[in-house]
Amino acid sequence: VGGLLFAGFALVLAIVDFFRADRRGVGLAYLMVLLATWMVGFLDALMHARDAWASMPTGLVLSAVAALLACVATWMGFRAPYIGATP
């Protein structure tokens, strides 16, 4: 739940940044990865709410995919240039 909360907060800020940015190509890709991370994380939370053995293969795979997407989103976020920075 904490991961969904912080990913949702990052998603809201990415939406705001997307509409403020001059280069929307990088912002759109970052926004889509964050949205995919949140959606997979939400489905993973619903899957883990079931019985432990009933969600076993799918829950583990969704957790791994959500973690991988979160790492990609973090890498994209740190790779993006700072707003207002001079080259």
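Residue V40 is not grouped with residue L68 when hydrophobic side chains (ILVMFWY) are merged at heavy-atom distances under 4.5 angstrom, including chains of intermediate members. Side-chain heavy atoms closer than 4.5 Å link hydrophobic residues (I, L, V, M, F, W, Y) into clusters, and following such links, even through other members, never connects V65 to F6. Hydrophobic clustering (side-chain heavy atoms under 4.5 Å, transitive across Ile, Leu, Val, Met, Phe, Trp, Tyr) groups W38 together with F18. A continuous path of Ile, Leu, Val, Met, Phe, Trp and Tyr side chains, each step under 4.5 Å between heavy atoms, connects W75 with L28, placing both in one hydrophobic cluster.
Smallest separation of non-hydrogen atoms from V33 and L69: CG1-O, 3.7 Å. Across all their heavy atoms, L4 and F42 have their closest contact at CD2-N, 3.5 Å. Scanning all heavy atoms of the two residues, the minimum distance from L31 to L11 falls at CD1-CD1, 3.8 Å. Contact record, T37 with A70: OG1-N, 3.8 Å, taken as the closest heavy-atom pair. Closest of all the heavy-atom pairs between G59 and D44 is O-OD1, 3.2 Å. Residue L34 comes nearest to A73 through the heavy atom pair CD2-CB, 3.9 Å, listed as atom of the first residue, atom of the second, then distance.
Taking CG of L35 as the start and OH of Y30 as the end, the distance is 12.5 Å to the nearest 0.5 Å. To the nearest 0.5 Å, atom CD1 of residue I15 and atom CZ of residue F19 are 7.5 Å apart. Remark: T58 OG1 to M47 CE distance equals 4.5 Å, nearest 0.5 Å.
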